*Asks:* 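Have a look at this one before I ask anything.
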Amino acid sequence: MPMSPLTAWFCRKLLALLGAIVVMIAVAVPALALEPVEVSRGDVAIDLTSQVELYPNEGETFQISTVPDPNGIRRRIEVRSTGDNHSGDWAVFSLANISDEQLDRLIVAPHFRLVGSGLFWPDLGSSRIEAITPSEGFALNRVNSDDADVFSITLNPGSVITFVAELNTAELPQLYMWEPEAYKDTENAFTLYHGIVLGIAGLLAVFLSILFVVKGTSVLPATAMLAWSVLLYVAIDFNFLNQIIPLSASDQRIWRASADVAIAFSLVVFLFTYLNLARWHAQLGYGTAAWGVLLMALFGVALFDPSAAAGIARLSFAATVLAGIVLMFYLSFRRYDRAILLMPAWALIVAWLFAGYMAVTGRIDNDIIQPALDGGMVLIVLLLGFTVIQHAFAGGVYQPGLFSDLERQALAFLGTDATVWDWDVGRDRIVTEPDFAPKLGLAPGALNGPARTWLQYLHPADRDRFRSTLDLFLEWRRGRLKLEFRVRANDGHYHFMTIRARPVLSSDGEVIRCVGTLNDQTDHKVSTQRLLQDAVIDNLTGLPNHTILIDRLQSLIAMSRTAPHLHPTLIVADIDRFKEINETLGFAAGDNILIALTRRIQRLLKPEDTLSRIWGSSFAIILQSQNDPDAIAEFTDALTAAIDVPITFENREIALTAAIGIASWHDDHETAEAFLEDARLAMLRAKRMGGNTVETYRPALRMLDDERKQLQGDLGRAIDRQEMTVLYQPIVKFEGQKLAGFRCSLNWKHPQRGDVSAGEIFELSRESGRSAELILYTVRQAANDLAAWQQSVANARPFVMVELSCNEMLKTSTLIELESIVRESEVAPRQIVFSIPEDIVQEAPEQAKLALQYLRTIGAGVTLSGFGNGHGSLTLLKSFRFDATYVDSAIFKYNQEPQAEIVKAFSELAERLGTAIGISDLDNEADATAFAEAGCTYATGPIYGAAVVSSTAIRLVRENGAS
């Protein structure tokens, strides 16, 4: 049924009235205040930040219902904005005085707070509160303060008051209520700290600027600019700049952002200038220039959007620190001293950056962090200043010009870094320049004074010679003084010193002065003594070696001719299956066994007896304390029992036995070598009988020796007639599993004995003195075969590696023959590689160094083999430059598994020392994979095939394309 016009009009009026009522109800219902914060007389400071309720965008008028008063009555109040800066944001909090006294307090809202300011578009501070209106009484009075909005309030006893704060910004980072005197004391507490930090920052900036004017080094203005930027930042943070230039809150935001940009810009300039990146890294120079231009543009951005400029500057600061870390590690590995010296300061910057990040993101929230970070920034500049000054004043440069002869001599002398020894004879005063006493651990100037003061520091055996030499020099009044003596250092050790000086004569010919040099020869003396000791002492056990044994035997033989009772007995003991112990347990186990046996045998000897290690696992004993056959037999039993006691190594018991040979003295022994040969023949007889037995020399054993000599003669004829064959064992490069070359060894088919192994061939050649000749034969044949391979297979460039396994190969005459073979061959010298065993290098280090230099001059490759068979000293890799170092795979194994971490660490160290790592005796794919992943370069062993003849080797070259 259609509605009448009157009814329709009435409905429209009713709906309009209901809408108006709803609007009035909505406007009339005010916001509710929070629960009041209780305040007592003893409360000094209360953090109200979490107790404040923010009401954004509420307009110029704000209504709220107060908290109930003591009578439980809740009232509604309305507050209107009073300032032009009001943006419609309000804050409400309530306080309740629970004491029976009237309380005067301060409401404090800091303008800027670093904590929680944010990393992107950070809050740079502003005036936070325009006015505060209480629910009772008048608006709060503002207290003058440059860095915070401070209002004074009075709370009556038992009162409960709601406060409405008119905000100038939408954020209120912190709101505190303070007891007035406590707030004043807190502000004053930081005054001294602020003054100290500002003073240090200002002095640093001025000092570095003055140094730039004086010195002119480019790094100084960059450091000074960083110091001035930090000073500006600290002055703003400590409200010092506002004392000089009155700034509004908006102006302070611009200045604060500009300070952030200045620090970021100056740090980029400092890093680039200090590390001198423009010298060798032009691209870095262009990148840094672009970076600097962008940062300079941020100064303009700071005028319009300070928060954006500050955020970008903070990101740039962090990026600069990270870039500095990368650059310093990169340059430090290349031993760039500036990068190394900058590391401590940069570590402090990294720590500061982390603390700053924790602060701006709000993870650290206290009032100490902000001034602490300001002080840390000044400390960083101070440390950077010290680092820069060290370089700026590291030394002067002589201006070019003409020098007199005396000046040139003085400059040349200064270049030697020697110590001047100056004796003023007239005043009897000796002076060393620079002072040499601190180098000996003595007090500065201890060696300056009369000549007699030196006597108390000299070795007692050198004092008389020191006195007499100086007196004689003064008496003769001519020539040159050269005086060697020992001086006691503060730690009790003596240093070997040398004075070389010339006299200065007066007009009447008297010596008035003696001037020269004072040099410390201790290192040279110690090296010489060590070389002499190495020549006669076994490095591992400390026992006399073969040379000393022969010398003592020869002396005993000579004395026995006039002393019939002197009949020494010579015993040679060789450990059975010692090579197997080295191969299965590693060379460390072998070394420990030899050392343990040395100690055991020494306990059996008397002072007149001599124990010597003559080779490998063989010991020799000159027994003088026993002459009776029964006593000698008892000693031999005791020796056998001492060797038989198991030795524990890595929780394993190792059972040992020995083949022992005994030779008694008789008149037929004209030489020590013959005496030792008798004992050795007896030991060899015991060894051939299976070991673990004792044999006494008898003439029939000479027949065995004769057979041995016959075999040695056959070997000589085989060398002369070229009846031996060179075998080639493949050497593979892990990268790509490509054939790289061959390891050479010899094979000899004896007419009666058949195949003779390479080890026995070398032993026979060593005994016959033809080791060098045998190696030269191998090199010559390998070079010829290599030339034939290259003619047959185009573009094939394998190498052949020959081991120089005897000391004779290090002699100059032998090296000349090697050079002749290499130059006459039709292959590149680099394809012939000479391998020197570790024990050869250790026995004759100086001779080995000269030999290496010689081999390199002819273009041949040089490698180290058997590394770790002896001491495995890394000094070898550092002192000698090898192309590659070959290590037995067993050294890196534990429980038959390669220790990947150890191998990798060793490979990285070897790479730094400039040598590649080769692995010998690989026998399975799993080990090969492990060593390849650990960074090794070459490998050889059963897994890649046994040693083959030349015809088979050329087929391998053709199939694998060695290059």
Side-chain angles (χ1 to χ4, degrees), residues 23-37 47-69 74-96 105-113 116-117 121 123-155 159-178 242 246-254 304-307:
V23 172
M24 291 178 64
I25 293 174
V27 172
V29 176
L32 297 178
L34 295 174
E35 290 295 322
V37 177
D47 188 358
L48 303 176
T49 308
S50 60
Q51 303 298 324
V52 175
E53 183 74 27
L54 297 179
Y55 295 92
N57 303 320
E58 291 292 336
E60 297 183 358
T61 302
F62 179 66
Q63 293 184 0
I64 189 169
S65 293
T66 66
V67 297
D69 60 13
R74 186 189 297 271
R75 296 183 298 112
R76 182 168 60 89
I77 61 174
E78 180 178 285
V79 182
R80 294 183 178 274
S81 62
T82 60
D84 297 333
N85 296 328
H86 183 63
S87 58
D89 301 316
W90 302 84
V92 179
F93 60 94
S94 301
L95 301 177
R105 293 292 185 265
L106 297 177
I107 303 297
V108 180
H111 291 169
F112 173 74
R113 193 165 185 257
S117 61
W121 282 271
D123 183 358
L124 299 180
S126 176
S127 176
R128 303 295 179 179
I129 301 176
E130 182 68 24
I132 298 179
T133 303
S135 59
E136 296 180 4
F138 301 98
L140 275 62
N141 295 325
R142 180 183 289 271
V143 178
N144 291 331
S145 177
D146 295 326
D147 57 352
D149 294 320
V150 183
F151 297 88
S152 63
I153 63 173
T154 300
L155 300 176
S159 62
V160 179
I161 303 177
T162 301
F163 296 89
V164 179
E166 179 184 345
L167 302 182
N168 293 328
T169 61
E171 296 85 13
L172 186 62
Q174 188 181 62
L175 187 68
Y176 257 89
M177 185 183 70
W178 284 90
N242 200 31
L247 301 173
S248 64
S250 59
D251 293 338
Q252 286 191 8
R253 297 178 73 250
I254 296 174
F304 304 98
D305 192 345
S307 295

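Everything numeric in this text was worked out from a predicted model, so none of it was measured.
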*Asks:* Which residues pass the side-chain hydrogen bond (donor to acceptor under 3.5 Å, both in side chains) test with Asn141, not counting sequence neighbours?
*Replies:* none
*Asks:* Run Val79 and Glu166 through side-chain contact (heavy atoms from CB on, under 4.5 Å) and show every step you take.
*Replies:* CA-CA 9 Å; Val79 182; Glu166 179 184 345; 5.9 Å; no
*Asks:* For Glu60, check side chain to side chain contact (heavy atoms under 4.5 Å, CB included) against everything at least two apart and list the hits.
*Replies:*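 Scan of Glu60 (side chain to side chain contact (heavy atoms under 4.5 Å, CB included), adjacent residues dropped) gives Ser81.
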*Asks:* Can a donor-acceptor pair be found, under 3.5 Å and without considering hydrogens, that links the side chain of Trp90 to the backbone of Gly59?
*Replies:*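 It does hold such a pair.
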*Asks:* What distance do Gln174 atom CD and His111 atom NE2 have between them, rounded to the nearest 0.5 Å?
*Replies:* 12.5 Å
*Asks:* Are Ser307 and Asp305 close enough that a side-chain donor and a side-chain acceptor fall under 3.5 Å?
*Replies:*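 The answer is no; no qualifying pair exists.
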*Asks:* Considering non-hydrogen atoms only, spot the tightest contact between Thr169 and Ser126 and give its length.
*Replies:*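 Residues Thr169 and Ser126, closest heavy atoms: CG2-OG, 3.5 Å.
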*Asks:* Under 4.5 Å between any side-chain heavy atoms of Pro134 and Leu140, yes or no?
*Replies:* yes
*Asks:* What I'd like to find out is whether the side chain of Val37 reaches to under 4.5 Å of the side chain of Phe93, using heavy atoms alone.
*Replies:* no
*Asks:* Do the non-hydrogen side-chain atoms of Ile153 and Ile132 ever get within less than 4.5 Å of each other?
*Replies:*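 No, their side chains stay 4.5 Å or more apart.
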*Asks:* Rounded to the nearest 0.5 Å, how far does CD1 of Ile107 lie from CD1 of Ile129?
*Replies:* 8.0 Å
*Asks:* In sequence, state the C-alpha distance, the side-chain angles, and the governing distance for Thr133 and Ile77, and then conclude on side-chain contact (heavy atoms from CB on, under 4.5 Å).
*Replies:* CA-CA 10 Å; Thr133 303; Ile77 61 174; 5.9 Å; no
*Asks:* Is Arg128 reaching over with its side chain to a backbone N or O of Ala148, donor-acceptor style, under 3.5 angstrom?
*Replies:*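 A pair under 3.5 Å: no.
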*Asks:* Assess whether side-chain contact (heavy atoms from CB on, under 4.5 Å) is satisfied between Ile161 and Leu95, documenting all intermediate values.
*Replies:* CA-CA 5 Å; Ile161 303 177; Leu95 301 177; 5.6 Å; no
*Asks:* Closest approach of Val160 and Pro68, non-hydrogen atoms and distance?
*Replies:* CG1-O, 3.7 Å
*Asks:* At their closest point, which heavy atom of Phe151 faces which heavy atom of Glu130, and how far apart are they?
*Replies:*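 So the minimum-distance heavy-atom pair works out to CZ-O, 4.0 Å.
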*Asks:* Considering non-hydrogen atoms only, spot the tightest contact between Ala170 and Leu54 and give its length.
*Replies:* O-CD1, 4.2 Å
*Asks:* How long is the gap from CD on Glu78 to CD1 on Ile64, to the nearest 0.5 Å?
*Replies:*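 Atom-to-atom, Glu78:CD and Ile64:CD1 are 12.5 Å apart.
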*Asks:* Could you measure the distance from the CG atom of Asp89 to the CZ atom of Phe62? Nearest 0.5 Å is fine.
*Replies:* 10.5 Å
*Asks:* With a 4.5 Å cut-off on side-chain heavy atoms, are Leu175 and Val108 touching?
*Replies:*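 Not touching, per the 4.5 Å side-chain cut-off.
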*Asks:* Measure the CG-OH distance between Leu48 and Tyr176 for me, rounded to the nearest 0.5 Å.
*Replies:*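 If I round to the nearest 0.5 Å, the distance is 9.0 Å.
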*Asks:* Could you give the distance from OG1 (Thr66) to CZ (Arg75), rounded to the nearest 0.5 Å?
*Replies:*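 Here the interatomic distance stands at 5.0 Å.
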*Asks:* If we count only N and O atoms by modelled type, under 3.5 Å, do the side chains of Ser127 and Asp149 hold a donor and an acceptor together?
*Replies:* yes
*Asks:* Which atom pair, heavy atoms only, marks the closest approach of Val150 to Ser145?
*Replies:* CG2-CB, 3.8 Å
*Asks:* Is there a donor in the side chain of Glu136 and an acceptor in the side chain of Ser159, or the other way round, less than 3.5 Å apart?
*Replies:* no
